[in-house]
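One structure below.
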Amino acid sequence: MKDPFRIEPIDELRWRVPIQQKMTVEGMIYADATLMKDIVRDGGAGQVANVASLPGIVGRVLAMPDIHRGYGFPIGGVAAFDPDNGGVVSPGGIGFDINCGVRLHALGIDYEQIEANKGAIADALQRGVPAGMGVARRDVRLDDLDAILAGGARTLAELGIGTEEDLELIEDGGALESADPDRVGRRARERGEDQIGSLGSGNHFLEIDRIVEVYDRDAAECFGLREGGITMLVHSGSRGLGHQVCEESTPAMLRAAKKAGIELVDRQLACAPIGTAEAEAYLAAMAAAANFAYANRALLAHRAIEAIAEALGTRRKFIDAPLVYDVCHNIAKWEEHEISPGTRKRVLVHRKGATRSFAPGREELPERYRAMGQPVIIPGDMGRYSYVLCGMQGAMLETFGSACHGAGRLLSRAEAKNRATGSSVVKALNAKGIALRASSVNAVVEEMPEAYKDVAEVVSVVERAGIARRVAKLEPMIVVKG
DNA sequence: ATGTAC
């Protein structure tokens, strides 16, 4: 498929989408020539141009090397809006899975101990962590959903799940203050009540990894990572609750856009000018859903560490599992950025499939990382590797403090199913020494490594562009899929 | 991503 938009190469890593048609700012795609071919074929570049036509947009529309087509906005995209110049909030720029994100723990368990108990740990994780479509665990029922929607991981810490000290190591301190639980509808609540503490399906996973390489010893030490060490990665979001919030926002967004006289080049870009009742209601609901996701990942990690302890025949309190960081990659946040030379301004940054990648010095960072830059956690695919990066100055200068969020899909789910069978994928993973537990064969095939771009290439682009540098590389030993 | 179409 030919891309209908003009694109100009800037250098080896940057491609400009110049202002054309209804665009008011340019787009910038970060990719090498190889990745760029996939991006153009997929049509993600056209979506970059569409986003650049929204009112009040500032700077540029950014696209990370893992970009692919999404609902309205591309996944792997960043866009910032000026509240004083007609700027909007658009749910499509955040994604259905509000606050989808990744949580990383360093585990004080030896590689040999994991290797010797791999099957038992995998089984215990599968038993202890509910996974798959709509699946929940009823033995822990958190009745006070309002408190979780308002307080996120903070509320869980009060319940003894996670600690006060952990909260600083979660973006937004584990809770967005702007949340209003009353803005989350009844159906969303019903879905959330049953699903908290469950992993979900699709690309969500829980992994035990080995740190196979350290690139930046100082940053690794700062983050509590060492070569040969073991980590646990949790990738999940706000489940059905966030999905419902997003879905229900559409009529109000279309209404608000019409009222404001915004001509949408794509209905999926439905949006509301910041400050309107529709925009504020959505932002308050989005924040509540984001808090649910922070709590969800905290509970998932808690249950997983319990399961690991059980498999190793010990108690949870004897497992050392410090939190490294918990990041979100589907959210809109108020942040101050230099929007033009010499002008700093508070703007609404939409990140959809993009991770915050703040450089040293930002006050939002936890004290212990402030002089280093933030950990940027980039999951790859279940058969190869994932990365921990560190935010760099280039991100502040070029991308509103943002980096990629993962490998990015190469094959659609349907295409993946035509190319392999569940057993062949499991066999290949087992041959690499990876213990896989999945709740459905479909999930395994759809998520096979070949369905994804090589995350090493994606990360390489981000690093060479000065957005975030590699700190450590993680290889999976145990994978639990939805 | 998602009780994958109320």
Side-chain angles (χ1 to χ4, degrees), chain A residues 42 44 47 66-77 90-103 130-138 145 184-206 233-251 268 270 282 285-286 288-290 292-294 296-297 300 327-332 350-355 379 381-382 404-417 438-448 451-452 480-482:
Chain A
D42 165 80
Q47 289 193 321
D66 52 334
I67 183 188
H68 53 109
R69 274 192 82 82
Y71 180 88
F73 287 59
I75 296 158
S90 179
I94 288 143
F96 273 89
D97 190 4
I98 295 165
N99 191 3
C100 186
V102 200
R103 184 177 171 105
M133 280 296 282
V135 179
R137 195 168 93 177
R138 304 291 184 128
L145 189 66
V184 177
R186 190 178 53 81
R187 289 185 75 189
R189 285 162 176 273
E190 282 168 6
R191 294 176 74 171
E193 270 176 12
D194 284 342
Q195 292 181 345
I196 190 151
S198 66
L199 194 59
S201 64
N203 63 5
H204 290 168
F205 66 79
L206 193 148
L233 260 181
V234 181
H235 181 202
S236 188
S238 51
R239 311 286 285 101
L241 185 142
H243 192 271
Q244 192 71 30
V245 165
C246 183
E247 207 172 298
E248 289 177 10
S249 71
T250 304
Q268 295 183 351
Y282 172 75
M286 178 211 74
F292 180 88
Y294 282 135
N296 191 39
R297 286 195 291 274
L300 282 165
V327 302
C328 49
H329 50 231
N330 277 10
I331 201 153
H350 290 56
R351 295 194 183 91
K352 181 188 192 178
T355 314
D381 60 74
M382 63 183 173
C404 60
H405 86 305
R409 268 203 170 271
L410 200 54
L411 304 179
S412 72
R413 295 183 183 281
E415 283 171 325
K417 276 186 270 200
S439 58
S440 87
V441 180
N442 262 353
V444 173
V445 183
E446 291 174 359
E447 291 295 315
M448 66 176 177
Y452 284 92
V480 178
K481 290 291 294 182

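All values reported here derive from a predicted model rather than from experimental measurement. Side chains are part of it too, since the values below use all heavy atoms of this structure and drop only hydrogens, waters and symmetry mates. Letters A, B, ... are given to chains in the order of the sequence lines, protein chains preceding strands, and every chain is numbered from 1.
Counting any heavy atom pair closer than 4.0 Å across all strands shown, A:R409 reaches no nucleic acid atom.
Residues that satisfy the side-chain contact (heavy atoms from CB on, under 4.5 Å) test with A:A332, not counting sequence neighbours, are A:I94, A:M286, A:L348, A:H350. Every side-chain contact (heavy atoms from CB on, under 4.5 Å) that A:S201 has, sequence neighbours left out, goes to A:M133.
Atoms CZ (A:R413) and C1' (B:dT2) sit 10 Å apart, rounded to a whole Å. The distance between atom CD1 of A:I98 and atom P of B:dT2, rounded to the nearest whole Å, is 12 Å. The distance between atom CG of A:N330 and atom P of B:dT2, rounded to the nearest whole Å, is 11 Å. Rounded to a whole Å, the CZ atom of A:F292 is 13 Å from the C1' atom of B:dT2. Per the geometry, CD belonging to A:Q244 stands 14 Å off C1' belonging to B:dT4, to the nearest Å. B:dC6 atom P lies 10 Å from atom NE2 of A:H243, rounded to whole Å. Rounded to whole Å, atom C1' of B:dT2 lies 8 Å from atom CZ of A:F96. Atom pair A:H204:NE2 and B:dT4:C1' shows a separation of 14 Å (rounding to whole Å applied).
Place A:E247 and A:E447 on DNA chain B by their nearest nucleotides, and A:E447 ends up nearer the 5' end.
Ring orientation note: the planes of A:H68 and A:H405 are close to parallel, at an angle under 30° on the 30°/60° scale.
Salt-bridge check for A:E193 with A:R189: failed, with every basic side-chain N at 4.0 Å or more from each acidic carboxylate O.
Put simply, A:S201 has no side-chain N or O that comes within less than 4.0 Å of OP1 or OP2 on B:dT4.
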